[in-house]
There are 2 protein chains.
Amino acid sequence: MAGNTSREGAGVVSRAMAILTAFDEAHPRLPLGELSRRADVPLSTTHRIVGELVRLGALARTETGDYVIGRLIWDLGLLSPVHSDLREVASPFLQDLYAGTLATVHLAVRDGSRVLYLDRVTGKRSVPVVSRVGTRLPLHATGVGKVLLAHAPADVQQRVLRRLTPVTPYTVTQPGRLRAQLVAVVADGYATTSGEMTIGACSVAVPVRSGPDVVAALGVVVSSIRRDRPRLVSALQVAAHAISRTLGP
Amino acid sequence: MAGNTSREGAGVVSRAMAILTAFDEAHPRLPLGELSRRADVPLSTTHRIVGELVRLGALARTETGDYVIGRLIWDLGLLSPVHSDLREVASPFLQDLYAGTLATVHLAVRDGSRVLYLDRVTGKRSVPVVSRVGTRLPLHATGVGKVLLAHAPADVQQRVLRRLTPVTPYTVTQPGRLRAQLVAVVADGYATTSGEMTIGACSVAVPVRSGPDVVAALGVVVSSIRRDRPRLVSALQVAAHAISRTLGP
DNA sequence: CCTCGACCTTCCGCTCAGTGGAAGCATAGG
DNA sequence: CCTATGCTTCCACTGAGCGGAAGGTCGAGG
């Protein structure tokens with residue numbers, strides 16, 4: 001009735017999902033009223049559906065009365081084949097990379113025009129980073145992002161280059177300069193950043209291939225790359241090649 | 001009407017959840033018909049709900065026409081506070097433990113009368129293990145399980161001791177013998193297993209405390225503990241204490 | 001102490017979304 | 001070719017879901 005493109009969004013299942021997706025990284029716990037507002041579902045209806053979701057274990061209630069995503073969804077999420085082969089294969093190599101460098105190690109893929117972090121290994125002596133597993137960040141401000149962008153289809157590159165939003169004062173926001181970096185990334189086989197996502201953090205990243213295609217990126221975050229860039233690059237390349245070989249074509 | 005405890009299970013939301021929970025570790029991909037059977041929802045209804053779930057991203061379809069859990073659920077699962085503090089705090093220590101031992105390292109909690117694996121670090125040189133993150137295994141056949149069982153309430157211990165199912169020929173199935181082991185676990189501060197879950201794999205595990213309570217267990221899997229049991233125990237204890245200290249009371 | 005406001009919970013009669021049997025397709029195997 | 005198996009579409013009936021409104025609860029402010 002309200003100018004909808006077609007029949008959609010009205011079903012109970014849609015509404016239940018709208019309620020679940022009202023949660024995000026910035027709002028992992030929500031009170032009923034806000035849940036109703038964010039999901040755009042009338043309060044009493046939200047109340048009933050939420051009650052049902054709690055009964056089923058998809059949501060849980062905290063001591064303070066807020067709602068959070070329940071264990072059931074956590075369990076189910078682990079069954080999702082979201083690059084599970086890649087994660088499974090890569091995991092040991094990430095560990096070894098961490099053991100060899102004591103730097104935070106990341107495995108990431110491109111999700112549209114964002115980097116999606118699939119796995120992360122951090123030690124207590126590592127440089128603090130913002131990314132967690134499941135985080136999505138802009139492609140142009142991270143090492144793994146630059147690798148993935150450099151090997152992305154032309155239309156994706158263009159879309160990203162058109163909207164280079166700064167994250168820190170050091171973020172590269174001139175399309176020409178980033179384009180030159182991307183060419184270098186392909187030529188050199190690795191990408192670097194320096195304070196472009198987090199001030200005081202540098203990163204080095206390399207592509208992971210399956211046959212000829214770049215399917216993921218492998219990166220480390222350190223406080224300074226000056227000192228041992230060659231060592232980091234070769235460690236990353238060895239690990240990336242090993243993952244590629246294990247993945248097969 | 002069929003002797004139900006109360007009105008339940010009939011709602012669309014329940015049915016959608018029944019369809020989602022039809023997936024498990026042994027069946028991560030299912031065709032429509034089996035989904036309908038496992039969820040106990042009529043085929044045409046399953047078809048419609050599944051279609052909606054796919055549209056919403058909660059399910060996805062493989063090339064072969066089977067269904068799998070979608071990326072949306074994976075994303076949501078990561079927002080669940082399932083021991084997220086514990087996992088977050090413990091992760092770096094698991095990495096260091098792996099770096100120091102090159103053995104598979106596990107972080108686990110008790111979930112009723114099972115061990116629930118929260119995190120795992122495996123290297124490519126490590127002994128192969130069955131557990132993955134999210135796996136639930138019997139308490140009496142694993143190192144972390146014995147630790148958690150030894151510190152569990154009496155009624156849980158009794159329930160478990162009554163049903164000691166063998167996993168391998170070496171699994172401890174005599175209640176008296178296990179009970180003695182549990183006493184030793186509390187006294188010694190660590191538990192061991194030897195081929196009780198997987199033949200050829202041994203494990204050592206210690207408790208992780210928050211204040212006086214045992215909230216988790218930390219364990220390693222190796223091919224033989226004879227050689228360096230003291231070294232493993234002390235490495236585990238150092239890491240467990242560090243986690244406990246970081247967790248606070 | 002009472003009042004007001006923000007928020008959560010319960011109620012209930014109307015209505016349309018969801019239901020599911022059945023028929024129609026598409027493949028595969030005998 | 002026919003039969004079996006499994007997926008998709010259809011549609012008329014009906015009770016599950018809807019949501020406005022009324023009733024609670026809690027806490028801050030007068």
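Per chain, numbering begins at 1; letters A, B, ... match sequence-line order.
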Would the distance check show the side chain of A/Arg61 and the main-chain N or O of A/Gly65 forming a donor-acceptor pair, the cut-off being under 3.5 Å?
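Looks like yes, one N/O pair under 3.5 Å.
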
Which residues satisfy the side-chain contact (heavy atoms from CB on, under 4.5 Å) test with A/Arg163, sequence neighbours excluded?
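So A/Arg163 forms no side-chain contact (heavy atoms from CB on, under 4.5 Å) with any residue.
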
Which residues pass the side-chain contact (heavy atoms from CB on, under 4.5 Å) test with A/His47, sequence neighbours left out?
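side-chain contact (heavy atoms from CB on, under 4.5 Å) check on A/His47 returns A/Leu32.
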
Evaluate salt bridge (charged side-chain N to carboxylate O under 4.0 Å, His left out) for A/Glu196 paired with A/Lys146, printing each intermediate quantity in order.
CA-CA 11 Å; A/Glu196 297 163 40; A/Lys146 282 186 192 173; 2.8 Å; yes

Could you run down the sub-3.5 Å N/O contacts of the protein with nucleotides 4-8 of chain C?
unit_1: C/dC8; atom_1: OP1; unit_2: A/Leu32; atom_2: N; d: 3.3
unit_1: C/dC8; atom_1: OP2; unit_2: A/Gly33; atom_2: N; d: 2.8

Could you pull out all residues at least two apart from [X] that satisfy side chain to side chain donor-acceptor pair (under 3.5 Å)?
X	value
A/Thr193	A/Ser203
B/Glu25	B/Thr135
A/Thr122	A/Arg120
A/Glu52	B/Ser14

Would you say the side-chain atoms of B/His140 and B/Thr171 include a donor-acceptor pair closer than 3.5 Å?
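Not at all, the side chains of B/His140 and B/Thr171 share no donor-acceptor pair under 3.5 Å.
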
Pairs touching residues 239-249 of chain A that satisfy salt bridge (Lys or Arg N to Asp or Glu O under 4.0 Å), sequence neighbours left out:
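Those involving residues 239-249 of chain A do not exist here.
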
Quick one: bend of the helix from C/dC1-D/dG30 to C/dG30-D/dC1 from 5 pairs per end, to 10°?
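One end's axis against the other's: 30°.
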
Stepwise salt bridge (charged side-chain N to carboxylate O under 4.0 Å, His left out) check, B/Asp24 with B/Arg38:
CA-CA 11 Å; B/Asp24 61 31; B/Arg38 290 174 63 92; 3.1 Å; yes

Using the side-chain hydrogen bond (donor to acceptor under 3.5 Å, both in side chains) rule, collect all pairs that involve residues 108-118 of chain B, keeping only residues at least two apart or in two chains.
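For residues 108-118 of chain B, and leaving out neighbouring residues, the side-chain hydrogen bond (donor to acceptor under 3.5 Å, both in side chains) pairs sorted by first residue read A/Arg71-B/Asp111, B/Asp111-B/Arg136.
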
Find the distance A/Ile49:CD1 to C/dG18:P and express it as a whole number of Å.
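Result: 11 Å.
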
Boundaries of the DNA chain D segment in contact with chain A, non-hydrogen, under 4.0 Å
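With heavy atoms of chain A under 4.0 Å away, the range is D/dG17 to D/dG20.
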
For nucleotides 20-30 of chain C, 5' to 3', base contacts (B), sugar-phosphate-only contacts (S) and non-contacts (-) with protein non-hydrogen atoms under 4.0 Å give BB---------

